[in-house]
> 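Sending over a structure as structure tokens; questions will come in a sec.
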Amino acid sequence: MKTAIVAGGLGFLGSHFANALLGRDDIGKLVIVDNLWTGSRDNEAYLEDPRVKIVHSDIERFLTDMMFDEIYHLASPASPSWYSADPTRTISANIIGAFRLRELLKP
């Protein structure tokens with residue numbers, strides 16, 4: 001069974017993507033990390049599954065001992081009105097978040 005992580009998994013696209021991953025029989029554990037900057041707690045209802053663990057955190061600061069077979073990085077706003085409002089935070093989520101996620105990928 002595979003372990004997967006979706007950063008930004010409580011956003012519109014992220015929650016639908018995470019839900020699609022749960023349709024796979026080979027996913028044994030799915031960790032969703034979202035700081036709710038543009039995501040929503042309402043999307044947690046779509047992800048009620050015993051294989052899911054939801055963590056409210058910035059991806060740049062997310063800490064775990066787990067390693068993952070699959071990593072999906074959606075932890076950044078996609079709307080110009082959001083990312084132009086705080087470009088430093090957007091860049092941090094994209095770049096530092098990507099480096100942090102890379103550290104969690106199984107060899």
> Is there a side-chain contact between Ile54 and Asp34 in this structure, where contact means two heavy atoms from C-beta onward sitting under 4.5 Å apart?
no
> Compare every heavy atom of Pro87 with every heavy atom of Ser84, then report the nearest pair and how far apart it is.
O-CD, 3.5 Å
> Indicate, with yes or no, if Val31 and Ile27 share a hydrophobic cluster defined by side-chain heavy-atom contacts under 4.5 Å among Ile, Leu, Val, Met, Phe, Trp and Tyr.
no
> Taking all non-hydrogen atoms of both residues into account, name the closest pair between Ala75 and Ala93 and its distance.
O-CB, 3.1 Å
> I need the Phe99 CZ to Ile59 CD1 distance, nearest 0.5 Å.
14.0 Å
> What distance separates Ile71 CD1 from Leu101 CG, expressed to the nearest 0.5 Å?
5.5 Å
> Under 6.0 Å from the CZ atom of Arg61, do we count more than 12 heavy atoms belonging to anything else shown?
no
> Roughly how far, to the nearest 0.5 Å, is the CG atom of Leu47 from the CG atom of Leu30?
7.5 Å
> Below 4.5 Å, heavy atoms only, C-beta onward: do His56 and Asn35 meet side chain to side chain?
no
> Would a 4.5 Å heavy-atom cut-off, applied to side chains only, mark Asp58 and Trp37 as touching?
no
> Are side-chain heavy atoms of Leu21 and Val6 found at a separation under 4.5 Å?
yes
> Test side chain to side chain contact (heavy atoms under 4.5 Å, CB included) on Arg41 and Leu36 and set out the steps.
CA-CA 7 Å; Arg41 285 186 188 268; Leu36 301 173; 3.7 Å; yes
> With the side chain counted from C-beta on, respond yes when Val55 and Ile32 share a heavy-atom pair under 4.5 Å apart, and no when they do not.
no
> Can you find a pair of side-chain heavy atoms, one from Asp86 and one from Thr88, that are under 4.5 Å apart?
yes
> Between Asn94 (side chain only) and Thr90 (backbone N and O only), is there a donor and an acceptor less than 3.5 Å apart?
yes
> Cluster question for you: counting only ILVMFWY and a side-chain heavy-atom cut-off of under 4.5 Å, with indirect links fine, are Tyr72 and Leu22 together?
yes
> Can you find a pair of side-chain heavy atoms, one from Met66 and one from Lys29, that are under 4.5 Å apart?
yes
> How far apart are the C-alpha atoms of Arg100 and Leu63, what are their side-chain angles, what is the distance that settles it, and do they pass the side chain to side chain contact (heavy atoms under 4.5 Å, CB included) test?
CA-CA 9 Å; Arg100 178 68 191 118; Leu63 298 174; 4.1 Å; yes
> Check for a donor-acceptor pair, side chain of His73 on one end and backbone N or O of Gly8 on the other, with a separation under 3.5 Å.
no
> So, does Ser40 use its side chain to make a donor-acceptor pair with the main chain of Asp42 at under 3.5 Å?
yes
> Looking at Glu60 and Ser92, what are the two nearest heavy atoms and their distance?
OE2-OG, 2.6 Å
> Quick one: do Arg24 and Lys2 satisfy side chain to side chain contact (heavy atoms under 4.5 Å, CB included)? Show the steps, please.
CA-CA 10 Å; Arg24 290 179 33 193; Lys2 293 185 177 183; 4.0 Å; yes
> Taking the side chain as every heavy atom from C-beta outward, state whether Phe62 and Leu104 have any atom pair closer than 4.5 Å.
yes
> Could you walk me through whether Glu70 and Lys106 pass salt bridge (charged side-chain N to carboxylate O under 4.0 Å, His left out), step by step?
CA-CA 8 Å; Glu70 299 179 15; Lys106 285 182 181 177; over 6 Å; no
> With clusters defined by side-chain heavy atoms of hydrophobic residues (ILVMFWY) lying less than 4.5 Å apart, directly or transitively, does Leu105 cluster with Ile5?
yes
> Using modelled atom types and a 3.5 Å cut-off, is there a donor and acceptor pairing between side-chain atoms of Thr3 and backbone atoms of Met67?
yes
